[in-house]
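The next block holds one structure in the form of structure tokens; read it before the comments.
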Amino acid sequence: MVSETIWTGRIDDTEDFTAFRYHQVVEELDVREAVDVCAVVGFECEEGVRRNKGRLGAAQAPDAIRSELAKLPWRFLERQRFVDVGNITCRGEEMEAAQQQLGDVVKTLLGNGSTPIILGGGHETLFGHYVGVREFLGKDASLGIVNIDAHFDLRPYDEQTSSGTMFRQILEHDAHASYFVAGIQRYGNTEELFNRADALGVTYVHEDEMMPGQLGQLMDSLDAFMDKHDAVLLTLCTDVLNAAYAPGVSAPSPFGLEPTTVREIIRKVVGHEKTCSFDICEVNPSLDENNRTVKLGAHFVNEAVAGFMRKQ
């Protein structure tokens, strides 16, 4: 389980539920006991980032994000429960085994009627997340994957998988999965990756087509994408953000998105009736400045929790 020092924070009242914060409502449970709840699970892994030659430190993110989330006000109903089922830790270079472990947890949570909220880790977190959702749905259900990201993550995986290969792995082996990515940097991806995205039928929206106040078409496109699937999962790679707001990531984006834009996308996708789970990846506390990226990550998690709670 998570250290007792993580879920701590200010206490305004010990009895008035309306004055509570996350750390006063969170329950730490075994995943098998997490039934009909919103459940957070950490994925302490950056082996995929190492293989992708990125900057290390994302494995520290799950507990760092929890520490900031703990301080936020709990604005939901007293009957609505928030649970922490602990961390999965990648041992050495055994990333694939850790991804399968994460998949098992996600599958169990969904089977229990719960909503998985996954704190990565490198973006290899997404593959474990996907494995769990796919195993829960069965092989024939249509799955829409929405990614908020500066990069396609469609690199070759002939030699080994990494944090840059997951979506290609999925699309080349799962005929019932589709991929929508918002925030793509025109000069953050090679021509080959754009060609690969086109060949694999990826729907993508460039970062410079997502300015604040110009999101109507994006939201309509997201609705159309989500409506045609049996289930949807959402993944957020924090390197999509402008580096001024999120310096603590593996691959900073000078022309990345503003936080309000990312928040609007989270609200839209999580609010859809078919969206079943969420993950946040690539927060890197070791590269952060004044905990800015970690705090922002915690607020994005809170937005996801709020969206799922509104559907209960």
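From a predicted model like this one, the values you see are computed outputs, not experimental measurements. Throughout, residue positions are numbered sequentially from 1 according to the sequence presented.
Salt-bridge annotation for Asp12 and Arg21: present, with a side-chain N of the basic residue lying under 4.0 Å from a carboxylate O of the acidic one. With respect to the salt-bridge test (charged N to carboxylate O, under 4.0 angstrom), the residues Arg50 and Glu46 do not qualify. A salt bridge links Arg51 to Glu47: at least one charged side-chain nitrogen sits closer than 4.0 Å to a carboxylate oxygen. A salt bridge is defined here as a Lys NZ or Arg NE, NH1 or NH2 lying under 4.0 Å from an Asp or Glu carboxylate O, and Arg186 with Glu207 fails to meet this definition. Ionic pairing of Arg292 and Glu289 is present here: one or more N-O contacts between side-chain nitrogen and carboxylate oxygen are shorter than 4.0 angstrom. Of the charged side-chain nitrogens involved, none lies within less than 4.0 Å of a carboxylate oxygen, so that Asp174 and Lys139 do not count as a salt-bridged pair. With respect to Lys311 and Glu273, no salt bridge is recorded, no charged nitrogen being found less than 4.0 Å from a carboxylate O.
Defined by atom type and a distance below 3.5 Å, a donor-acceptor pair is present between the side-chain atoms of Asn87 and Arg66. With no hydrogens or angles considered, a side-chain donor-acceptor pair links Thr18 and Asp16 at under 3.5 Å. If you check the side chains of His129 and Asp279, you find a donor sitting under 3.5 Å from an acceptor. Asp230 and Ser142 share a side-chain donor-acceptor pair at under 3.5 Å. Asn291 and Glu68 form a side-chain donor-acceptor contact under 3.5 Å, judged by distance and modelled atom types alone. Side-chain N/O atoms of Thr161 and Glu96 include a donor and acceptor closer than 3.5 Å. There is no side-chain donor-acceptor pair under 3.5 Å between Gln169 and Tyr130. Checked by atom type, the side-chain pair Gln100/Asp104 shows a donor-acceptor distance below 3.5 Å. Using modelled atom types, one finds a donor on one side chain and an acceptor on the other under 3.5 Å when comparing Thr293 with Asp288.
The distance between the ring centers of Phe167 and His123 falls below 6.0 angstrom. The aromatic ring centroids of Phe278 and Phe300 lie 6.0 Å or more from each other. Phe152 and Tyr204 have their aromatic ring centers within a separation under 6.0 angstrom. Aromatic rings from Trp74 and Phe20 are positioned such that their centres are separated by 6.0 Å or more.
A donor-acceptor contact shorter than 3.5 Å links the side chain of Ser67 to the backbone of Asp63. Formation of a donor-acceptor pair under 3.5 Å by the Glu209 side chain with backbone atoms of Leu215 is not found in this model. Remark: the backbone N or O of Arg55 is paired with a side-chain donor or acceptor of Ser250 at under 3.5 angstrom. Using modelled atom types, no side-chain atom of Glu124 and backbone atom of Met95 make a donor-acceptor pair closer than 3.5 Å. Although no hydrogens or angles enter the test, the distance criterion places no donor-acceptor pair under 3.5 Å between the side chain of Gln99 and the main chain of Gly128. Not one N or O on the side chain of Glu135 forms a donor-acceptor pair closer than 3.5 Å with the backbone of Gly132. In this structure a side-chain-to-backbone donor-acceptor pair under 3.5 Å is missing from Thr89 to Glu44. In this structure, the side chain of Ser114 engages the main chain of Val37 through a donor-acceptor pair within 3.5 Å.
The number of heavy atoms from other shown groups lying within 6.0 Å of CZ (Arg134) is above 12. Other residues, nucleotides and ligands contribute only 12 or fewer heavy atoms inside 6.0 Å of the CG atom of Asn290. Within 6.0 Å of the CZ atom in Phe17, the count of heavy atoms belonging to other residues, nucleotides or ligands exceeds 12.
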Start with the C-alpha gap between Asp223 and Lys268, add the side-chain angles, then the distance that decides, and say whether salt bridge (Lys or Arg N to Asp or Glu O under 4.0 Å) holds. CA-CA 8 Å; Asp223 271 330; Lys268 164 61 73 173; 3.0 Å; yes

Please determine whether salt bridge (Lys or Arg N to Asp or Glu O under 4.0 Å) holds for the pair Asp153 and Arg168, giving the CA-CA distance in whole Å, both sets of side-chain angles, and the decisive distance to 0.1 Å. CA-CA 7 Å; Asp153 293 336; Arg168 185 166 174 177; over 6 Å; no

Test side chain to side chain contact (heavy atoms under 4.5 Å, CB included) on Ile145 and Met166; report intermediate values, then the result. CA-CA 11 Å; Ile145 302 173; Met166 308 84 56; over 6 Å; no

Between Ser286 and Asn284, is the side-chain hydrogen bond (donor to acceptor under 3.5 Å, both in side chains) condition met? List the steps. CA-CA 6 Å; Ser286 70; Asn284 190 326; 2.6 Å; yes

Output, in order, the C-alpha distance, side-chain angles, deciding distance and verdict of side chain to side chain contact (heavy atoms under 4.5 Å, CB included) for Val85 and Glu33. CA-CA 9 Å; Val85 299; Glu33 301 172 347; over 6 Å; no

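Put simply, OG on Ser178 and CG on Leu143 are 8.0 Å apart, with the number rounded to the nearest 0.5 Å. Atoms CZ and OG, from Phe180 and Ser221 in turn, are 5.0 Å apart once rounded to the nearest 0.5 Å. Atoms OG and CG, on Ser163 and Leu126 in that order, are 11.0 Å from each other to the nearest 0.5 Å. Taking CD1 from Ile265 and CG from Leu234, the interatomic distance works out to 9.0 Å, rounded to the nearest 0.5 Å. To the nearest 0.5 Å, atom CD1 of residue Ile117 and atom CG of residue Asp84 are 12.0 Å apart. For the atom pair CZ (Phe127) and CD1 (Ile170), the distance works out to 6.0 Å, reported to the nearest 0.5 Å.
Hydrophobic clustering of Ile, Leu, Val, Met, Phe, Trp and Tyr side chains at less than 4.5 Å, counting indirect connections, unites Met309 with Val232. Side-chain heavy atoms closer than 4.5 Å link hydrophobic residues (I, L, V, M, F, W, Y) into clusters, and following such links, possibly through other members, connects Val240 to Ile65.
Under the 4.5 Å side-chain criterion, counting only non-hydrogen atoms from C-beta, Thr108 is not in contact with Phe136. Ser277 has its side chain within reach of Val133: a pair of non-hydrogen atoms, C-beta onward, lies under 4.5 Å apart. Contact check for Met210 versus Leu218: side-chain heavy atoms found under the 4.5 Å cut-off. Here the side chains of Asp149 and Leu236 are not in contact, with every heavy-atom distance at 4.5 Å or above. With a 4.5 Å cut-off on side-chain heavy atoms, Val106 and Val131 do not count as touching. Here the side chains of Ile148 and Ile266 are in contact, with some heavy-atom distance below 4.5 Å. The shortest side-chain heavy-atom distance between Thr203 and Tyr179 does not fall under the 4.5 Å cut-off. The shortest side-chain heavy-atom distance between His151 and Leu193 does not fall under the 4.5 Å cut-off.
Residues Pro285 and Gly57 approach most closely at CD-O, 3.5 Å, considering heavy atoms. Of all heavy-atom pairs spanning Ala61 and Val283, the tightest one is CB-O, 3.3 Å. Counting all heavy atoms, side chain and backbone alike, Ala39 lies closest to Leu109 at CB-CD2, 3.8 Å. Closest approach of Ser253 to Asp239, counting heavy atoms only: OG-O, 2.6 Å. Residues Pro247 and Ala244 come closest through the heavy atom pair CD-O, 4.5 Å. Closest approach of Val26 to His23, counting heavy atoms only: CG1-O, 3.9 Å.
Ring planes of Trp7 and Tyr22: parallel class, angle under 30° (limits at 30 and 60°).
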